[in-house]
Amino acid sequence: MNAKKFSSLLVTGLLALSLASCSSSEGQPSTAAASGDGSYTIGVANFMLSGPYFSGMDKAIAAQAKKKGKIEVISTDANGDAAKLASNVEDLLSKNVDAIIISGGPLESAPAALNAAKTANKPVVLVDRKFQSGEYTSWIGPDNKAIGVQNGQFLAEKLPKGGKVAIIKGGPADNSIGLARTEGVKSVLGSTAGITLVEAPDFGNWGSDGGLTVMESLLATNPDLVAVFCENDAMCLGAQRAIADAGKSKQIVIAGVDGQAEALKAILDGTNYLVTGLNDADIIGAMGLDRAVEILGGAKVEKDTVVPSPRVTKENAAEYFDPNGGF
C-alpha cells in the first residue's frame with residue numbers, strides 16, 4: 001500500500017479512536033440519520049475547482065464516499081465567486097442534504113453560506129481553509145505557519161553560504177493561508193546570516209502559469225538568486241520551468257508546499273526541486289468526508305483538527321508519491 005494512502009487510513013483511524021474522548025463542538029447542530037442504514041447525502045461547496053489542489057480535494061471527497069458505499073455526494077463549483085458559493089449552499093440545502101463540506105480555497109470568510117447552514121440546522125465541515133469568522137461544526141486542515149518554518153529551516157541548512165532567496169506568493173494580499181506560510185519561512189530566513197529575501201511584487205495566483213510569469217520577472221531583476229520558495233507547489237512547478245528556460249537549474253533550488261504529485265516526482269527525480277511540505281488534498285478531503293459522516297452518526301468530534309504536514313525531500317518522497325492519486 002502506498003504510504004500516503006496508509007497515512008490517510010492511519011490518521012482517520014486514530015481520529016475515530018479518539019472520538020469518544022473529544023468534546024462536542026460548541027453549537028454543533030443536532031443531526032439525525034437520514035435513514036436507519038447510515039446512508040446520507042452530503043453537499044460539497046467548492047469556492048473554486050480551477051486549481052489542482054482544490055479539484056484534488058473534491059475528487060478525494062467523492063472517492064471516500066464511494067468507498068463507504070451508502071453516501072451520495074453533490075458537488076458544486078462557485079468559480080471563485082463568494083456570492084455564488086452562498087447561492088450554491090442555499091441550493092444544496094434546498095436538496096435537503098444532511099451535511100455540507102466547504103472547500104473555501106483562498107476565500108477568507110463566507111458568512112452568508114455559514115449562516116444559511118446554521119439556519120437549516122445542518123452541520124458544516126471546513127476542509128483546508130478555516131474561515132476568519134462565522135460558525136462551523138468542525139475544521140480539518142494544516143498548520144500553515146509550521147510548514148513555512150520547516151521549509152525555511154531546510155533552506156537555511158542547504159544554503160550555508162547564504163544568498164538571495166525569492167518568495168512567490170499566491171494572493172490576494174489578505175490570504176491568511178499564504179501569509180502564514182510566508183511568515184513561517186521569513187521567521188527563519190529573515191534572521192539567518194547571509195540570507196537576503198526578495199518578495200515578488202506580483203502574485204502567482206496559485207497556478208503554474210502564474211508561477212512561471214512571476215519567476216521570469218524575478219530572474220530579470222535578480223539573476224543571482226540561489227533559491228525560491230512558493231506558497232504552493234503549482235506555482236513552484238511553473239517557476240521551475242522559468243528557471244530551466246533561463247539555464248539556472250544548477251544555481252537555484254526550489255521549495256514548495258502541498259505535496260502535489262508532479263512536485264513529488266520532480267523531487268524524486270533529483271531535480272532542483274528539493275523540498276515540499278505535505279498538505280495532501282487526498283488525505284484532507286477523505287478526512288473531511290469521514291468527519292461529516294461521524295457527525296451525522298452522532299459522534300462527538302473535535303472542533304479543529306490539525307493534520308500533520310511532514311517535510312518531504314528526496315529521502316522520503318517515495319513514501320508519499322502516488323501517481324494514481326487525485327492530487
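In this chain, numbering begins with 1 at the start of the sequence shown.
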Could you grab the distance from atom [atom1] of [X] to atom [atom2] of [Y], nearest 0.5 Å is fine?
X: Thr41; Y: Asn96; atom1: OG1; atom2: CG; result: 8.0 Å
X: Arg129; Y: Met57; atom1: CZ; atom2: CE; result: 11.0 Å
X: Asn151; Y: Ile254; atom1: CG; atom2: CD1; result: 12.5 Å
X: Glu294; Y: Leu289; atom1: CD; atom2: CG; result: 10.0 Å
X: Asn88; Y: Asn46; atom1: CG; atom2: CG; result: 9.0 Å
X: Glu157; Y: Thr192; atom1: CD; atom2: OG1; result: 10.0 Å

Taking side chain as C-beta onward, heavy atoms only, is [X] less than 4.5 Å from [Y]?
X: Asn175; Y: Phe203; answer: no
X: Lys95; Y: Ile74; answer: yes
X: Leu114; Y: Glu135; answer: no
X: Val188; Y: Leu155; answer: no
X: Asp224; Y: Asn222; answer: yes
X: Asp202; Y: Thr213; answer: no
X: Trp139; Y: Val124; answer: no
X: Tyr53; Y: Val257; answer: no

Can a donor-acceptor pair be found, under 3.5 Å and without considering hydrogens, that links the side chain of [X] to the backbone of [Y]?
X: Thr182; Y: Leu179; answer: no
X: Lys118; Y: Gly134; answer: no
X: Gln150; Y: Ser309; answer: yes
X: Asp81; Y: Ala78; answer: no
X: Thr271; Y: Ala266; answer: yes
X: Asn232; Y: Met235; answer: yes
X: Lys122; Y: Val97; answer: yes
X: Ser109; Y: Pro111; answer: no
X: Thr119; Y: Asn115; answer: yes

Task: Residues Tyr273 and Asp233: side-chain donor-acceptor under 3.5 angstrom - done: yes
Task: Side-chain donor-acceptor contact under 3.5 Å, Arg291 with Thr137 - done: no
Hphob cluster co-occupancy, [X] + [Y], side-chain heavy atoms under 4.5 angstrom:
X: Ile295; Y: Tyr136; answer: yes
X: Ile167; Y: Leu274; answer: yes
X: Leu264; Y: Phe229; answer: no
X: Leu197; Y: Leu225; answer: no
X: Ile177; Y: Val149; answer: no

TODO: Start with the C-alpha distance between Asp290 and Lys67, add both sets of side-chain angles, then the distance that settles salt bridge (Lys or Arg N to Asp or Glu O under 4.0 Å), and finish with yes or no.
DONE: CA-CA 11 Å; Asp290 286 344; Lys67 290 178 184 178; over 6 Å; no
- [ ] Run the numbers on Arg241 and Asp245 for salt bridge (Lys or Arg N to Asp or Glu O under 4.0 Å), then give the verdict.
- [x] CA-CA 6 Å; Arg241 285 159 46 206; Asp245 290 344; over 6 Å; no
Over all heavy atoms of both residues, which pair between [X] and [Y] is shortest? Give the atoms and the distance, please.
X: Lys169; Y: Glu231; answer: CG-OE2, 3.2 Å
X: Gln132; Y: Ser176; answer: NE2-OG, 3.4 Å
X: Met48; Y: Asp77; answer: CA-OD1, 3.4 Å
X: Gly184; Y: Ser187; answer: O-OG, 2.6 Å
X: Phe327; Y: Asp282; answer: N-OD1, 3.5 Å
X: Asp98; Y: Tyr40; answer: OD2-CA, 3.3 Å

- [ ] Mark yes or no: Lys84 above the aromatic ring of Phe47, with NZ or CZ under 6.0 Å from the six-membered ring centre and no more than 45 degrees from the axis.
- [x] no
Is the [atom1] atom of [X] crowded by more than 12 outside heavy atoms at less than 6.0 Å?
X: Lys68; atom1: NZ; answer: yes
X: Lys265; atom1: NZ; answer: no
X: Lys186; atom1: NZ; answer: no

- [ ] Go through the steps for Leu268 and Phe321 under the test side chain to side chain contact (heavy atoms under 4.5 Å, CB included), then give the verdict.
- [x] CA-CA 9 Å; Leu268 275 172; Phe321 178 59; 3.8 Å; yes
Open item on the list: Applying side chain to side chain contact (heavy atoms under 4.5 Å, CB included) to Ile252 and Leu219, what does each step give before you reach the verdict?
Closed with: CA-CA 10 Å; Ile252 302 173; Leu219 289 170; 3.6 Å; yes
TODO: Apply salt bridge (Lys or Arg N to Asp or Glu O under 4.0 Å) to the pair Glu183 and Lys145, showing each step before the final yes or no.
DONE: CA-CA 6 Å; Glu183 181 185 352; Lys145 183 176 180 179; 3.3 Å; yes
